[in-house]
Amino acid sequence: MYKILLRQDLVPNIHLFKVAAPVVAKKAQPGQFVVIRIDEKGERIPLTIADWDKKEGSVTIVFMEVGTTTHRLALVEAGDFITDFIGPLGLPTHIDKLGSVVCVAGGFAVATIMPIARAMKEKGNKVISIMGARNKNLIFWEDELRSVSNQLIVTTDDGSYGRKGLVTEPLKELLEGSERIDRVIAIGPSVMMKFCALTTEPFGVKTIVSLNPIMVDGTGMCGCCRVSVGGATKFACVDGPDFDGHQVDWDLLFARQRIYIDEEKRSFEQWQSQDGVSS
Amino acid sequence: MPKLNLNREPMPRQAPKLRGKNFNEVALGYSAEQALAEASRCIQCPKRPCMDGCPVEVDIPDFIKAIRDGDMPEAVRILKSKNSLPGICGRVCPQESQCEAACSLAKKEAPIAIGRLERYVADWERANRQSIDSPVVPPTPTGKRVAVVGSGPASLTAAADLVKLGHGVTLFEALHVAGGVLMYGIPEFRLPKDIVQTEVDYVTSLGVELQLDSVVGKVMTIDELLNNGYHAVFLGTGAGLPMFLNIPGENLNGIYSANEFLTRVNLMKAYRFPEYDTPVKVGRKVAVIGGGNVAMDSARCALRLGAEEVYIVYRRSEVELPARREEVENAMEEGIYFKLLTNPKQMLGNEQNWVVGMECFKMELGEPDASGRRRPITIPGSEFIIDVDVVIVALGTTPNPLIAQTTPSLETTRRGTVVADEATGKTVKDKVWAGGDIVTGAATVISAMGAGRRAATSIDEYLRGQ
Ligand SMILES: Cc1cc2nc3c(=O)[nH]c(=O)nc-3n(C[C@H](O)[C@H](O)[C@H](O)COP(=O)(O)OP(=O)(O)OC[C@H]3O[C@@H](n4cnc5c(N)ncnc54)[C@H](O)[C@@H]3O)c2cc1C
Ligand SMILES: Cc1cc2nc3c(=O)[nH]c(=O)nc-3n(C[C@H](O)[C@H](O)[C@H](O)COP(=O)(O)OP(=O)(O)OC[C@H]3O[C@@H](n4cnc5c(N)ncnc54)[C@H](O)[C@@H]3O)c2cc1C
Ligand code: FES
């Protein structure tokens with residue numbers, strides 16, 4: 001059992017948990033993830049490691065409510081326990097001195113890109129971060145991300161805060177600008193990552209994306225997470241989750257993310273009618 | 001000399017139509033009368049050929065004699081002194097090619113049903129555990145600690161043996177439950193999970209510490225274990241990496257590895273979705289590619305989940321099916337269709353990326369190949385399409401490379417298996433032993449247990465010599 005040491009509601013539907021998991025904290029690196037299970041009947045779901053504290057023995061995760069598991073997770077309070085917390089899984093993000101690195105984060109991924117931006121900055125890179133949200137109410141960790149970036153650009157889809165528009169617009173301007181960009185790292189919803197990769201491709205700037213296919217074990221044992229990269233089948237949980245965005249077969253990823261759309265709906269409706277707390 | 005009784009007691013089973021709709025155990029087990037009748041058939045021949053057929057050398061004639069004499073506690077004692085997981089082996093061992101093949105009555109095509117008797121004894125013990133006084137003399141602690149990685153039959157056996165010898169043992173398991181393939185692979189209707197859990201609980205009751213959710217290679221490496229107080233390491237991490245066909249269309253929605261399908265169904269209990277929250281696609285027409293136990297289990301799970309038509313697609317003919325004969329017969333009785341001498345060429349999908357068909361070649365058999373079985377040859381121009389909406393690929397598994405990648409100086413073969421001495425399980429790396437599927441590639445429960453036992457003996461010798 002793993003204890004929730006701290007809970008923060010970053011925005012109404014995105015929450016942060018600090019979880020007591022000393023062995024995971026000891027080994028965690030930027031870009032890795034954990035697989036969690038709330039209780040005996042729960043599903044195993046992957047969540048990125050947003051932060052860790054070796055001394056305290058804690059690992060921080062940030063998640064957005066989308067379906068049954070994440071809604072149920074949002075009912076867990078500090079002091080409560082969850083059954084399983086397995087990690088650190090996946091390969092860490094490749095951190096190196098590259099020059100200028102643009103970190104693009106959409107939605108909850110502002111949290112997950114933090115350790116990467118921080119590590120890139122510590123390596124001596126110039127870090128330019130772009131964070132995007134649908135509207136002002138969904139913005140969080142602006143100051144945190146700014147503190148590990150040389151420059152921060154904020155966008156909202158509706159213009160209620162920062163720049164109006166999508167993250168790809170400032171990204172394109174940066175690529176067109178006079179400054180040389182050596183690496184782009186884009187993390188967020190799959191569509192956003194795809195469009196970031198499409199934006200950078202004509203400029204030939206290597207773009208790393210963190211793929212989020214459906215997973216079960218997260219250790220290479222099932223093949224549920226298979227993705228196609230550069231024409232080859234890869235298991236995202238062990239060969240990734242980071243991949244070269246220009247090589248990813250995005251349509252395959254989108255299709256495979258939808259395998260259980262009917263079941264997810266059924267599960268959510270059943271949960272809402274039985275245990276769900278209507279808010 | 002009394003006349004030979006050549007009437008093998010049949011195993012009572014759930015009716016095929018009934019069992020095809022539930023996940024309850026198919027084979028129901030002998031009654032006391034049946035067990036006695038079957039045990040009485042044993043002629044107690046002096047040569048004891050059955051024991052040579054048993055990878056862990058159970059004193060088979062002795063435990064059968066104890067059943068016949070009505071001394072069940074003695075039968076339990078004899079059986080468990082060589083086999084710590086009899087309830088499991090009695091259910092899943094391929095007795096037909098081991099002990100029963102060697103039985104003197106096998107020549108008359110009526111070998112003693114050793115597996116069924118073994119199961120009977122184990123089930124009796126489970127039901128009467130309180131009534132037998134097993135004087136557990138706590139061993140003298142040696143002060144040595146062994147890390148056992150994985151918790152399948154190889155590791156469970158090694159851990160139990162080592163702890164009984166007085167060593168401190170920690171089991172590290174990647175998944176959230178212990179038991180390995182016995183838990184996540186072999187379905188409930190063939191091996192009830194509470195039986196596996198009882199065996200795991202027995203091992204922990206001996207004093208073995210169990211750490212679940214621990215992916216060795218990620219949370220710690222083998223070298224870190226050795227540098228952090230463990231005097232030896234046993235690797236029993238199995239062969240958990242699924243193979244695919246590498247044909248076009250294999251990543252379409254609806255195409256599973258058998259590992260994924262079985263994990264969803266058995267480990268995550270998708271057959272009880274949405275009460276258990278992990279879903280699985282059932283499909284109306286399901287094709288399972290392969291002919292081994294894993295393929296049979298996948299097909300029979302799909303049937304029980306409600307698929308209308310389930311096919312086994314296998315490239316050789318019926319005699320070459322590697323699955324246990326009993327399970328092939330069970331599958332056939334339940335209404336699984338066998339498309340033999342058939343090999344997939346490509347998977348066909350619709351606009352939503354869902355699999356809708358499987359294009360296959362017809363095959364014929366040529367000369368025997370390296371495996372001794374006749375080699376399947378593609379018949380050119382024989383392509384035809386099978387309509388499917390779920391495909392399960394059960395082509396076999398190889399060891400997960402994680403341990404090898406994070407453990408320098410561990411020798412592996414081209415197939416990804418770890419090289420270890422057959423008699424002792426010792427790897428080329430200092431203080432590290434290995435056994436089970438990680439060394440042999442996908443094999444059997446009993447061979448994994450045998451390897452775990454031999455390694456435990458060798459580890460004990462090493463630790464005492466230190
Ligand atoms: C490597 C990785 C890291 C991730 N990191 C984060 C994170 O830090 N924060 C966060 O909020 N989300 C993260 N996700 C996504 C998160 O796992 C899903 O949102 C979650 O599983 C949804 O579960 P649900 O039951 O709430 O919703 P559901 O209704 O079950 O599913 C909603 C959608 O989420 C996806 N999904 C469902 N089940 C799984 C599963 N077992 N594995 C992966 N995706 C699934 C599917 O595409 C599905 O359509 C990550 C995913 C991956 C693969
Ligand atoms: C569907 C199916 C049906 C079968 N039917 C039969 C049958 O009828 N009869 C028979 O004799 N055999 C059968 N087998 C084969 C038999 O189950 C295996 O040969 C046997 O379980 C191998 O035992 P093992 O201890 O080597 O490994 P496994 O049982 O594979 O256990 C290995 C364990 O190690 C864990 N692990 C892996 N990597 C790590 C890591 N890095 N860190 C920590 N833990 C890790 C795994 O999660 C797993 O729990 C079947 C196999 C399958 C898949
Ligand atoms: S999630 Fe099972 S192999 Fe990647």
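Residue numbering restarts at 1 for every chain, and letters A, B, ... go by the order of the sequence lines.
- No hydrogens or angles considered: a donor-acceptor pair under 3.5 Å links the side chains of B:Asp277 and A:Ser267.
- Residue contact with chain B, scored on non-hydrogen atoms closer than 4.5 Å, is absent for A:Phe268.
- Between atom CZ of residue B:Arg272 and atom NZ of residue A:Lys41 there is a gap of 6.0 Å, rounded to the nearest 0.5 Å.
- For the set A:Asp249, A:Asp262, A:Asp84, the entry with the most heavy-atom pairs within less than 4.5 Å of chain B is A:Asp84.
- For the pair A:Lys27 and B:Lys218, the tightest heavy-atom approach, listed with the atom from each and the gap, is CG-O, 3.5 Å.
- Using a 4.5 Å cut-off between heavy atoms, B:Gln405 makes no contact with chain A at all.
- For the residue pair B:Thr263 and A:Asp217, no side-chain donor N or O sits within less than 3.5 Å of a side-chain acceptor on the partner.
- B:Val219 and A:Pro88 make their closest contact through CG1-CD, 4.2 Å (heavy atoms, listed as atom of the first residue, atom of the second, distance).
- When all heavy atoms of B:Glu260 and A:Cys222 are compared, the closest pair comes out as CB-O, 3.5 Å.
- Annotation: maximal heavy-atom pairing with chain A below 4.5 Å, among B:Asn259, B:Thr278, B:Asn251, B:Leu241, occurs at B:Asn251.
- The shortest non-hydrogen separation linking A:Ile259 to B:Trp354 is O-CZ2, 3.6 Å.
- The candidate from A:Arg44, A:Lys26, A:Arg72 with the greatest count of non-hydrogen atom pairs under 4.5 Å with chain B is A:Arg44.
- Most heavy-atom pairs under 4.5 Å with chain A, from the set B:Met268, B:Arg264, B:Met220, B:Glu250: that is B:Arg264.
- Contact check on B:Lys281 versus A:Glu263 returns a salt bridge, with a Lys/Arg side-chain nitrogen under 4.0 Å from an Asp/Glu carboxylate oxygen.
- For the atom pair CZ of B:Phe244 and CZ of A:Phe235, the computed distance is 5.0 Å after rounding to the nearest 0.5 Å.
- Ranked by heavy-atom pairs under 4.5 Å with chain B, the first of A:Met221, A:Glu43, A:Arg266, A:Glu264 is A:Met221.
- No more than 12 heavy atoms of other residues, nucleotides or ligands lie within 6.0 Å of CZ in A:Arg258, so this atom counts as exposed by the packing criterion.
- With a 4.5 angstrom heavy-atom cutoff, A:Ile214 touches chain B only via side-chain atoms.
- Minimum heavy-atom separation, A:Phe85 to B:Asp213: N-OD2, 3.6 Å.
- Ranking B:Asn353, B:Val177, B:Asn253, B:Ile255 against chain A, the residue ahead of the rest is B:Asn253, based on heavy-atom pairs under 4.5 Å.
- Under a cut-off of 6.0 angstrom, the local environment of NZ in A:Lys265 is sparse, with at most 12 non-hydrogen atoms contributed by other residues, nucleotides or ligands.
- Highest contact tally toward chain B, considering only A:Gly87, A:Gly220, A:Gly223, is held by A:Gly220 [criterion: heavy-atom pairs under 4.5 Å].
- Taking the charged nitrogens against the carboxylate oxygens, B:Lys269 and A:Glu40 have no contact shorter than 4.0 Å, which rules out a salt bridge.
- The CD1 atom of A:Ile86 sits 7.5 Å away from atom CG of B:Leu175, with the distance rounded to the nearest 0.5 Å.
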